[in-house]
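Encoded as structure tokens, the structure appears first; notes follow it.
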Amino acid sequence: MKPTDLRGILQYIPRFREKVFVLAIDGAIVTDENFANILLDIAVLRSLNIRVVIVHGASAQIRSLGEQQGTKPSDLFGAGITDAETLKLALTAANRLTHEILEGLSANDLRAVTTNGIIAHPMGIIHGVDHLFTGKVERVDVDLFQSLLAQGLTPVVPPLGFDGDGKTYRVNSDHVAVSLADALKAAKLIFITTADGLLHEGQLIRQMLASDLDQILASRKNEILPPEMLSKAVHSAAACKAGVQRVHIINGRVDEGLLAEVFSNEGIGTLIYANEYQQIRRALKKDIRSLLLLTKQAVDTDELVKRSRAALEKNLGDYFIFEIDRNPVACVALHVYPEEGKGELGFLFVSPSHENQGIGRKLYNFVESKAREMGLAELIALSTQAFNYFISKCGFVEGTPDDLPPARREKYESSGRKSKVLVKKLK
Ligand SMILES: CC(C)(COP(=O)(O)OP(=O)(O)OC[C@H]1O[C@@H](n2cnc3c(N)ncnc32)[C@H](O)[C@@H]1OP(=O)(O)O)[C@@H](O)C(=O)NCCC(=O)NCCS
């Protein structure tokens with residue numbers, strides 16, 4: 001789907017209307033030539049009644065202002081020590097940048113405002129080192145932000161915090177963004193950076209469960225995350241923990257990147273999602289053996305169709321595992337037929353020891369919300385023995401083999417299993 005495809009965008013409107021998106025924009029992106037396009041994308045979001053809060057960093061500008069003035073900043077990112085000189089640089093750089101963003105928003109007829117709504121206190125002395133004017137967000141003035149957003153204004157928030165004595169602190173902008181997303185119950189937090197997203201062995205990670213990111217951060221963070229992305233990764237995981245369901249990391253230099261990320265299935269960067277069902281995760285190669293073992297009995301009794309190790313491996317991305325204390329106790333698959341706009345829910349199995357605890361339902365809901373996210377129009381399921389379950393518990397109706405995509409129908413005919421075909425319209 002092209003982001004410019006209006007029909008494609010329209011399907012997202014009810015879901016996002018009046019929801020808050022926090023955009024955390026690196027300072028280097030504000031001065032990039034593509035920033036004009038980002039402003040246009042923000043104007044599109046606003047026209048769809050999405051409430052936007054912009055948080056910006058300023059490290060690139062602090063660095064160059066320091067060079068111009070012959071001063072070496074004590075810290076660029078608002079996480080180390082901010083001495084008095086660096087605070088001055090940060091104030092000048094951040095205020096200029098805020099102003100630049102306000103100008104850009106004006107040029108797009110967007111009403112915007114900057115605030116003192118980030119209440120901070122000093123980071124203090126850590127391991128004997130006084131962090132001076134580096135601050136931590138103590139709280140967000142939620143009423144202030146909500147009333148601005150309700151009036152259709154776009155708050156622009158610099159990486160600075162204020163305390164009750166009128167002092168200013170330099171605060172890390174990723175930290176400000178997470179605090180705001182948490183306090184305003186944002187539907188999305190989008191980091192707009194100079195990198196494509198999180199990479200693994202040079203490959204862009206398209207999607208990642210927050211719990212998987214947590215695991216990486218706990219054990220292999222230096223292996224998988226270059227230092228410049230570590231802050232984004234840490235703050236993405238923190239945002240998911242705080243209840244933000246979707247965190248995106250995208251490259252701000254890609255034209256139409258913001259719209260593509262929000263309004264297309266693939267997106268351009270990395271999506272980190274905190275699922276309501278934390279125990280559901282994508283199956284990995286190392287899970288194939290447990291999947292085969294778990295489902296063996298259901299295959300023997302013809303409840304499930306037999307899948308070979310190679311078949312599982314080939315479409316591994318379609319399979320999900322429900323685990324309790326790291327033990328796989330259930331599984332499900334979503335096979336997508338993009339041409340027909342249909343998805344097939346398959347391989348739904350709950351181990352007998354865990355039946356009737358709502359796990360089947362959770363897996364079904366997970367697949368349905370995934371299918372909706374992908375913009376699929378219909379879900380189908382084939383079942384020999386659980387068709388009543390799909391009808392009475394999941395809202396399917398009985399269909400016919402004509403409902404199957406042609407390729408699937410061929411397999412259906414040749415299998416001779418005579419499963420019932422079940423259909424659920426999603427649109
Ligand atoms: C069908 C299945 C997935 C249900 O999983 P589960 O986690 O036990 O189900 P849930 O806890 O979500 O739901 C339980 C409810 O569904 C009902 N239910 C369970 N299996 C059912 C079936 N085969 N037909 C009709 N209702 C069924 C239960 O009686 C219970 O009803 P209640 O809410 O009124 O008490 C599971 O029994 C299973 O793995 N079956 C074998 C594999 C299979 O046939 N898969 C489908 C092919 S894709």
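Both ligands and their constituent atoms are indexed starting at 1 by order of listing.
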Quick check on A381 - does any of its heavy atoms sit under 4.0 Å from an atom of ligand 1? no
For this session: Tell me yes or no: between the side chains of Y337 and E344, is some donor less than 3.5 Å from an acceptor?
Result: yes
When only distance counts, is G346 in polar contact with ligand 1, meaning an N/O pair under 3.5 Å?
no
* To do: Return yes if a side-chain donor-acceptor contact under 3.5 Å exists between S231 and D174, otherwise no.
  => yes
shortest atom 17 (C) of ligand 1-to-protein heavy-atom contact is with K393 CE, 3.8 Å
Quick note on ligand 1: atoms under 4.0 Å from a heavy atom of A386 include exactly 1 (C), 23 (N), 44 (O), 46 (C)
Checklist entry - Are the ring centres of Y319 and H335 closer than 6.0 Å? => result yes
Check: Quick one: is the NZ or CZ of K232 closer than 6.0 Å to the six-membered ring centre of F77, and within 45° of its axis?
Finding: no
The closest protein heavy-atom partner of atom 38 (C) of ligand 1 is V350 N, 3.9 Å
(message) Are more than 12 heavy atoms, taken from residues, nucleotides or ligands other than E410, located less than 6.0 Å from that residue's CD atom?
(response) no
**OP:** Determine whether the side chains of N34 and N37 contain a donor N or O and an acceptor N or O closer than 3.5 Å.
**Re:** yes
For atom 28 (C) of ligand 1, the closest protein heavy atom turns out to be N356 OD1, 3.3 Å
Note: ligand 1 atoms sitting under 4.0 Å from heavy atoms of R361 are 12 (O)
Ring centres of Y364 and F390 under 6.0 Å apart? no
Ligand 1 to N388, heavy atom cutoff 4.0 Å, flagged ligand atoms 24 (N), 25 (C)
Polar side chain donor-acceptor pair, T98 to H56, under 3.5 angstrom:
yes
Atom 47 (C) of ligand 1 has as its nearest protein heavy atom L304 CD2, 3.8 Å
Of all protein heavy atoms, the one nearest atom 11 (O) of ligand 1 is G358 N, 2.7 Å
Looking at V332, L348, D302, L345, the heavy atom closest to atom 46 (C) of ligand 1 belongs to L348
If you scan protein heavy atoms around atom 41 (C) of ligand 1, the nearest is E303 OE2, 3.3 Å
Could you go through F366 and F322, starting from their C-alpha distance and side-chain angles, then the distance that decides it, and tell me whether this counts as ring pair (Phe, Tyr, Trp, His ring centres under 6.0 Å)? CA-CA 11 Å; F366 175 82; F322 188 103; 9.6 Å; no
for atom 7 (O) of ligand 1, nearest protein heavy atom and its distance come out as G360 N, 2.7 Å
Judged by heavy atoms only, the candidate from Y389, F390, F347 nearest atom 16 (O) of ligand 1 is Y389
H175 side chain to K136 side chain, donor-acceptor N/O pair below 3.5 angstrom:
no
Quick note on ligand 1: atoms under 4.0 Å from a heavy atom of Q385 include exactly 23 (N)
Inset, instruction - Return a yes/no value: protein heavy atom under 4.0 Å from atom 2 (C) of ligand 1? - result: no
For atom 37 (O) of ligand 1, the closest protein heavy atom turns out to be E355 OE2, 3.3 Å
query: Under 6.0 Å from the CD atom of Q297, do we count more than 12 heavy atoms belonging to anything else shown?
result: no
